[in-house]
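Chain A is the first sequence line, chain B the second, and so forth, proteins listed ahead of strands; every chain is numbered from 1. It should be emphasised that the depicted structure is a prediction, and the values quoted were computed from it without experimental measurement.
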Protein chains: 2
Amino acid sequence: MAQRPPARPGDSLEGVATPALCVDLDALERNIARMAAATTGIRLRPHAKSHKCPAIAQIQIAHGAVGICCQKTDEAAAFVAAGIRDVLVTNEIVARPKLARLAALAREATLGVLVDHPLAVAPLAQAAVEAGVTLEVYVEIDVGARRCGAAPGAAAAALAQAVADTPGLRLRGVHAYQGGAQHLRTPAERSAAIAAAARDVQATRVALAARGLPCDIVTGAGTGTWPLEQASGEWNELQPGSYMFMDADYARNAASPGDQRFEQSLFVLAAVMSVPSPGRAIVDAGLKAFSFDSGLPLVHAAPGRAYVKASDEHGELSIDPSVAAPRLDERVWLVPGHCDPTVNLYDWLVAYRGDRVVAVWPVAARGALG
Amino acid sequence: MAQRPPARPGDSLEGVATPALCVDLDALERNIARMAAATTGIRLRPHAKSHKCPAIAQIQIAHGAVGICCQKTDEAAAFVAAGIRDVLVTNEIVARPKLARLAALAREATLGVLVDHPLAVAPLAQAAVEAGVTLEVYVEIDVGARRCGAAPGAAAAALAQAVADTPGLRLRGVHAYQGGAQHLRTPAERSAAIAAAARDVQATRVALAARGLPCDIVTGAGTGTWPLEQASGEWNELQPGSYMFMDADYARNAASPGDQRFEQSLFVLAAVMSVPSPGRAIVDAGLKAFSFDSGLPLVHAAPGRAYVKASDEHGELSIDPSVAAPRLDERVWLVPGHCDPTVNLYDWLVAYRGDRVVAVWPVAARGALG
């Protein structure tokens, strides 16, 4: 059911059918190398929920990543099928058919998963035992995002004890991701959030140590905060995902002095389909071509043009009178507001260098919701 | 690359892997029958951009629809491949490779398309002539939505003349869709918008008649306004799409007296994956499971529970203290805020009656962006 690829390797960018999800491969590789260089003293396990693309996971692993993160069993299945051999599902899996599937994947790869509730331990262990595998388990703690996660400290340690005591499961450590801090705009806000999270991690490590439980890995962090987790000394594994693509919303974060800067490598290539009146043009990319949860796309490298409104299959550009009016079928490069859910709309990712298509990668875990 | 189907025919709903896009087949069929009964005196050409699903198009045609509408060449290709023989692409197509593809489809089906600019006529005709086909062409006029469309009246008539004078093209009439009126909340606002649109249609019909040009079909309307277009006498073809599914946003439109009411037939079936604290539960459906452009999903048939926040793969439910706390893996039925772009996230649509899966339909035109 996947749609036809919008291009073939060797095509010029002019030949790409619009709208298409495109990645500037030089910029992508620079971003990946930059993150690898900045994290040499710590484990890097990039989050693959952002790209859903085994070809990119392989580049990250070639640059030293210990493996990848996924959010869903279906995602893990797509990456294991593509040959990735170390996958951490940074999420709670509680449905028995999904647990059975996860355990089956652990025959082919190291498979980690989170727990945040005592009732989740036994079904997880049962699936592992029935499949004859050991699942790596991390206790998720809520470090301020108020999403999933056990309370830090004693409650988390009691849960860790249950994991450690249960056959089929190997307690690996703690998952501590402050999702709510990633898009805080100022360095001071992000620092305060991660400092609080670090105290929660420390309290949990102390509580595990008091029970004599192992805590080999403390994993977390995202593109908005990873230097803070790294500097804290409380985490020894980082999970940023968006850094290799970036998006309009991450670009709105004010940087700290010395922050790594990542380049925008991800674009949607759209085309003008109607020029109904001066000052206005309509492109062929709307609500089905972008996720709008973090705002409108930005027009790239074309001053005087702004994407101002979307309907299902259309985007309206406003054109400043001082710039040239767009022509019918003129190409427009757009920066997604939020990369992850935008990538999830596309079956294919067109990788290009300069003006040439180098590869057309399947977004293999697109729609991997289960 | 499509994901595995979340269910098999014959499964109970408890066996459906979450999150899954589900349709209550009884409600869907009642909606389709209701619209068919209400439009016996006028051509009905439902918009397939809402469902992207050939199985549903076939039901609509069996109930008397003259054909379907699509928005994209890729969508049209998916429906023609599935055997639909009359497709109107209610959009401007200007890229030459897309025009060639559209013309090739016209060998297998009646294919209509819009124009709103004089420069679009020659490439369209060239594609038709090269493929040895005739394309049915409608002049799109802007009736107030300020999206695509030529100015009503003289400008539209001049464009119609160019179409009529060009080999390979058959001028069929006028496309007049007031997209901006569909979600106006009060009957008075919607009436005023469609009354204004009707005046634009009339002016355009007069201008075409003055040139001796045919205008056999005036097509437009959506789920929010179709009774108004029907009653105006200016349109003789209606294009509603969402009526067979409905969504939370359409439910916010206040009805006119005597309006047909359509039932909510479309749901996302999600499951509770974490119950981190009293008053709060996390489900497995977030920004990749719904489009949020028209607001949050609504929790269906479970008073005291509300979907209050989304992240990429998670949704937060608030739980009123007066109702029972959700269990881990408990199923939650959610009504999408906006049906069309939500459907576009799923590879499969689970059709059920009562508590039994009847069919699992491919969303064949999912991701059909080009």
Side-chain angles (χ1 to χ4, degrees), chain A residues 1-4 6 17-20 49 71-72 74 91-95 97-98 116-117 119-120 142 146-150 179 271-276 280 282 284-285 287-289 291-293 310-314 316 328-329 338 340-341 344-347 362-364 366-370, chain B residues 1-4 6 17-20 49 71-72 74 91-95 97-98 116-117 119-120 142 146-150 179 271-276 280 282 284-285 287-289 291-293 310-314 316 328-329 338 340-341 344-347 362-364 366-370:
Chain A
M1 277 181 323
Q3 298 301 317
R4 312 192 315 172
T18 63
K49 79 189 186 81
Q71 286 285 65
K72 297 282 189 163
D74 283 347
N91 219 347
E92 285 70 22
I93 307 295
V94 296
K98 289 179 187 171
D116 74 349
H117 197 284
L119 289 177
D142 179 358
R146 287 184 56 79
R147 199 169 65 186
C148 304
V272 173
M273 50 177 287
S274 179
V275 288
R280 207 154 56 85
I282 308 297
D284 58 358
L287 297 176
K288 295 177 184 171
S291 183
F292 285 79
D293 60 276
S311 51
D312 284 8
E313 290 87 4
H314 302 83
E316 180 182 333
L328 279 181
D329 205 30
H338 186 179
D340 298 30
N344 187 51
L345 294 165
Y346 291 86
D347 290 323
V363 185
R366 193 223 78 72
L369 286 161
Chain B
M1 275 181 321
Q3 298 300 316
R4 311 192 317 169
T18 64
K49 78 189 187 80
Q71 286 286 66
K72 298 282 190 164
D74 284 346
N91 219 346
E92 285 69 22
I93 307 294
V94 296
K98 290 178 186 169
D116 75 349
H117 197 284
L119 289 177
D142 180 358
R146 287 183 56 79
R147 198 168 67 184
C148 304
V272 174
M273 49 177 288
S274 179
V275 288
R280 207 154 56 86
I282 308 298
D284 58 358
L287 297 176
K288 295 177 185 171
S291 182
F292 285 79
D293 60 275
S311 51
D312 284 7
E313 291 87 4
H314 302 84
E316 180 183 334
L328 279 181
D329 204 30
H338 187 178
D340 299 30
N344 187 50
L345 295 165
Y346 291 86
D347 290 323
V363 185
R366 194 223 77 72
L369 287 161

Note to self: What part of A:Pro6 gets within 4.5 angstrom of chain B, counting heavy atoms only: side chain, backbone, both, or neither?
What the structure shows: neither
Check: Got B:Glu316 and B:Arg280 here, is their nearest side-chain heavy-atom distance under 4.5 Å?
Finding: yes
Check: With a 4.5 angstrom heavy-atom cut-off, which part of A:Ala368 approaches chain B: side chain, backbone, both or neither?
Finding: both
Checklist line | A:Asp116, part contacting chain B, at a heavy-atom distance under 4.5 Å | finding: side chain
Next item on the list: Could you tell me whether the side chain of B:Asp347 and the main chain of B:Gln3 form a donor-acceptor pair under 3.5 Å?
Entry: yes
Notebook entry, point to check: What residue, out of B:Ala95, B:Ala17, B:Ala271, has the most heavy-atom pairs lying under 4.5 Å from chain A?
Noted result: B:Ala95
Notebook entry, point to check: When heavy-atom pairs shorter than 4.5 Å are enumerated against chain B, which of A:Asp312, A:Leu345, A:Asn91, A:Asp74 gives the highest number?
Noted result: A:Asp312
Notebook entry, point to check: Among B:Leu119, B:Asp284, B:Val272, B:Ile93, which has the most heavy-atom pairs under 4.5 Å with chain A?
Noted result: B:Asp284
Item checked: For the student: nearest non-hydrogen atoms of A:Leu369 and B:Tyr346, plus distance -> CD1-CE2, 3.3 Å
Check: Using non-hydrogen atoms only, which part of A:Pro97 is less than 4.5 Å away from chain B: side chain, backbone, both, or neither?
Finding: neither
Note to self: Need one label for A:Ala150: side chain, backbone, both or neither, based on atoms under 4.5 Å from any heavy atom in chain B.
What the structure shows: neither
Check: Hey, which of A:Val275, A:Asp142, A:Leu287 has the most heavy atom pairs under 4.5 Å with chain B?
Finding: A:Leu287
Check: salt bridge (Lys or Arg N to Asp or Glu O under 4.0 Å) with B:Lys72: which residues, sequence neighbours excluded?
Finding: none
Notebook entry, point to check: Which residues pass the salt bridge (Lys or Arg N to Asp or Glu O under 4.0 Å) test with A:Glu313, sequence neighbours left out?
Noted result: A:Lys288, B:Lys49
Item checked: Partner chain B: residue of A:Pro276, A:Cys148, A:Gly370 with the largest heavy-atom pair count (under 4.5 Å) -> A:Cys148
Notebook entry, point to check: Checking B:Asp293 against chain A: side chain, backbone, both or neither under 4.5 Å from a heavy atom?
Noted result: side chain
Next item on the list: Look at B:Ala310, B:Ala120, B:Gly367, B:Gly179 and state which one has the largest set of heavy-atom pairs under 4.5 Å with chain A.
Entry: B:Gly367
Check: Can you say whether A:Glu92 sits under 4.5 Å from chain B via the side chain, the backbone, both, or neither, judging by heavy atoms?
Finding: both
Checklist line | Atom group of A:Ile282 that falls short of 4.5 Å from chain B, counting heavy atoms | finding: side chain
Notebook entry, point to check: Pick from A:His338, A:His314, A:Met273: which one has the most heavy-atom pairs with chain B under 4.5 Å?
Noted result: A:His314
